[in-house]
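Worth knowing before you read on, the calculation uses all heavy atoms, side chains too, and leaves out hydrogens, waters and symmetry mates.
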Amino acid sequence: MLKELREEVYEANMELPRRNLVTYTWGNVSGIDRERGLFVIKPSGVEYDELTPDDLVVMDLEGNKVEGSMNPSSDTKTHMVLYNEFPEVGGIVHTHSPHAVAWAQAGKDIPAFGTTHADYFYGAIPCARHLSQEELDEDYELNTGKTIVETFRSRDIDPVAVPAVICHSHGPFTWGKDAAQAVYHAVVLEEVAKMGIFTRMVDANAAAAPQRYQDKHYMRKHGPNAYYGQSR
């Protein structure tokens, strides 16, 4: 089932160790077939050098396993919530990449300090709040997804324009039109998180780039009159 999607999600998962975004099994990628309402995700706790496309688990959007002999990622319900609430999303990545985690552990948004950030994220990357004890006890992973959605809706952030979040005391999730783009955003997130830490080391009071710079750089790549790159 979903052979092509399995291959895409497998390759996206294998890109995480290549890009030094995961240690051991600290990450996962999923991708969705919107027409069928099914997504494919890495199995829980399987080493990357042992992973095969056939190991990936097929889930529906109610959280039921449709195909696969292994348990899906422990973060599956978080992915499920994001797929249900953000219909533009076609792939999701979760890692514990260290610079993004540093901001998450501090509970701080990652400001758009410069144009590198603005090329990919239209504004600060938000930090979602801590879960309450009740939310942790009820369903940690499901409620993690709900707090991400809550963060974007309460702050009126477009998840397409800012395809990333960090969860307080936890780590980052990124997404994109497919699994490959979600990984791309995870790589960029880690780089801008690192740059942000360096910026604050140089100047602890450094402010975000002027809005006109953020507008120019985001819009020249993603706006209606975008001109970055080659015409197709």
- Query: Roughly how far, to the nearest 0.5 Å, is the CE atom of M201 from the OG1 atom of T199?
  - Reply: 10.5 Å
- Main-chain N/O of E7 paired with E11 side-chain donor or acceptor, under 3.5 Å: no
- Message: Do V101 and I197 sit in one hydrophobic cluster, given that two such residues count as connected whenever their side-chain heavy atoms are within less than 4.5 Å of each other, even indirectly?
- Response: no
- Task: Drop me the distance from I41's CD1 to M80's CE, to the nearest 0.5 angstrom.
- Result: 10.5 Å
- Would you please test V81 and I148 for side chain to side chain contact (heavy atoms under 4.5 Å, CB included) and show each step? CA-CA 9 Å; V81 170; I148 293 170; over 6 Å; no
- Message: Measuring from atom CG of L131 to atom NE2 of H168, what distance do you get when rounded to the nearest 0.5 angstrom?
- Response: 11.5 Å
- When you look at CD of E47, are more than 12 heavy atoms from neighbouring residues, nucleotides or ligands closer to it than 6.0 Å? yes
- Query: Is V192 reachable from M219 through a run of I, L, V, M, F, W or Y residues, each pair having side-chain heavy atoms under 4.5 Å apart?
  - Reply: no
- Message: So, using ring pair (Phe, Tyr, Trp, His ring centres under 6.0 Å) as the criterion, who are the partners of Y218 when residues are at least two apart?
- Response: Y122, H222
- Note on the structure: Taken to the nearest 0.5 Å, the spacing of Y48 OH from L16 CG works out to 4.5 Å
- Message: Do V187 and M195 sit in one hydrophobic cluster, given that two such residues count as connected whenever their side-chain heavy atoms are within less than 4.5 Å of each other, even indirectly?
- Response: no
- For residues F152 and W175, establish whether the separation of their ring centroids is below 6.0 Å. yes
- Message: Between K42 and V9, is there a side-chain heavy-atom distance shorter than 4.5 Å?
- Response: no
- Between A186 and V93, what is the shortest heavy-atom contact and its length? CB-CG1, 4.0 Å
- Task: Give the minimum heavy-atom separation between H217 and D119, together with the two atoms involved.
- Result: ND1-OD1, 3.0 Å
- Query: Could you state the interatomic distance from CG (L56) to CG (L5), rounded to the nearest 0.5 Å?
  - Reply: 9.0 Å
- Message: Is it the case that the side chain of R34 and the backbone of V89 share a donor-acceptor pair, with hydrogens and angles ignored and the cut-off at 3.5 Å?
- Response: yes
- Any side-chain heavy-atom pair from P163 and F173 closer than 4.5 angstrom? no
- Taking the inter-plane angle between the rings of Y83 and H79 on a 0 to 90° scale, is it parallel (under 30°), tilted (30 to 60°) or perpendicular (over 60°)? tilted
- Task: Determine the minimum heavy-atom distance between F39 and S30, stating which atoms define it.
- Result: CD1-CB, 4.2 Å
- Is it true that the side chains of K221 and Y120 contain a donor and an acceptor less than 3.5 Å apart? yes
- Message: Can you see whether T144 engages E141 through a side-chain donor-acceptor pair at a distance of less than 3.5 angstrom?
- Response: no
- Query: Crowded around F121 CZ? As in, over 12 foreign heavy atoms under 6.0 Å?
  - Reply: yes
- So which heavy atom on V22 is nearest to which on G27, and how close? CG1-CA, 3.9 Å
- Message: Checking I166 against I110 for the side chain to side chain contact (heavy atoms under 4.5 Å, CB included) test, could you report, in this order, the C-alpha distance in whole Å, the side-chain angles of both residues, the deciding distance, and whether it holds?
- Response: CA-CA 9 Å; I166 52 176; I110 305 175; 4.0 Å; yes
- Task: Please report the C-alpha distance between T147 and E150 in whole Å, then the side-chain angles of each, then the deciding distance to 0.1 Å, and finally whether the side-chain hydrogen bond (donor to acceptor under 3.5 Å, both in side chains) criterion is met.
- Result: CA-CA 5 Å; T147 61; E150 170 195 293; over 6 Å; no
- Audit row: V46, T25, side chain to side chain contact (heavy atoms under 4.5 Å, CB included) steps and yes/no: CA-CA 6 Å; V46 175; T25 63; 5.9 Å; no
- Query: Are there more than 12 heavy atoms of other residues, nucleotides or ligands under 6.0 Å from atom CZ of R220?
  - Reply: yes
- Task: Any chance you could lay out the side chain to side chain contact (heavy atoms under 4.5 Å, CB included) test for W26 and T95, step after step, and finish with the verdict?
- Result: CA-CA 6 Å; W26 304 356; T95 75; over 6 Å; no
- Message: Check whether T115 reaches the backbone of A118 with its side chain - one donor and one acceptor, N or O, closer than 3.5 Å.
- Response: no
- Message: Would you say T52 and D55 are linked by a side-chain donor-acceptor pair, where the criterion is simply a distance under 3.5 Å?
- Response: yes
- Item | Partners meeting salt bridge (Lys or Arg N to Asp or Glu O under 4.0 Å) with R155 (sequence neighbours left out) | D109
- Query: Any cation-pi pair here, K77 with Y140, using under 6.0 Å and within 45°?
  - Reply: no
- Query: N13 side chain to V29 main-chain N or O, any donor-acceptor pair under 3.5 Å?
  - Reply: yes
- Query: Would a distance-only check, ignoring hydrogens and angles, find a side-chain to backbone donor-acceptor pair under 3.5 Å from E190 to A100?
  - Reply: yes
- Look at the side-chain heavy atoms of Ile, Leu, Val, Met, Phe, Trp and Tyr, link any pair under 4.5 Å apart, and say whether V165 and I157 land in one connected group. yes
- Decide yes or no for V40 and M59: does some side-chain heavy atom of the first lie under 4.5 Å from some side-chain heavy atom of the second? no
- Item | Under-4.0 Å salt bridge between E138 and K146 | no
- Message: Which heavy atom of A12 sits nearest to which heavy atom of A180, and what is that distance?
- Response: CB-N, 4.3 Å
Per-pair distances, 0.1 Å, donor-acceptor, side chain in residues 64-74, under 3.5 Å, sequence neighbours excluded:
{"unit_1": "N64", "atom_1": "ND2", "unit_2": "D60", "atom_2": "OD1", "d": "3.4"}
{"unit_1": "N64", "atom_1": "ND2", "unit_2": "D60", "atom_2": "OD2", "d": "3.0"}
{"unit_1": "K65", "atom_1": "NZ", "unit_2": "G68", "atom_2": "O", "d": "3.4"}
{"unit_1": "K65", "atom_1": "NZ", "unit_2": "M70", "atom_2": "O", "d": "3.2"}
{"unit_1": "E67", "atom_1": "OE1", "unit_2": "M1", "atom_2": "N", "d": "3.4"}
{"unit_1": "E67", "atom_1": "OE1", "unit_2": "R6", "atom_2": "NH2", "d": "2.7"}
{"unit_1": "S73", "atom_1": "OG", "unit_2": "N28", "atom_2": "ND2", "d": "3.1"}
{"unit_1": "S73", "atom_1": "OG", "unit_2": "D75", "atom_2": "N", "d": "3.0"}

- Item | Min side-chain heavy-atom separation F198-V202 under 4.5 Å | no
- Rounded to the nearest 0.5 Å, how far does CG of L21 lie from NE2 of H94? 12.0 Å
- Given side chains that start at C-beta, do those of P172 and S97 come closer than 4.5 Å, heavy atoms only? yes
- Is it true that the side chains of H130 and S169 contain a donor and an acceptor less than 3.5 Å apart? yes
- Message: Quick check: closest heavy atoms across C167 and A104, and the distance to 0.1 Å?
- Response: O-CB, 3.3 Å
- Under 4.5 Å between side-chain heavy atoms, hopping through other hydrophobics if needed: is there a path connecting V160 to L189? no
- Query: Can you tell if the side chain of L61 reaches within under 4.5 Å of the side chain of I32, non-hydrogen atoms only?
  - Reply: yes
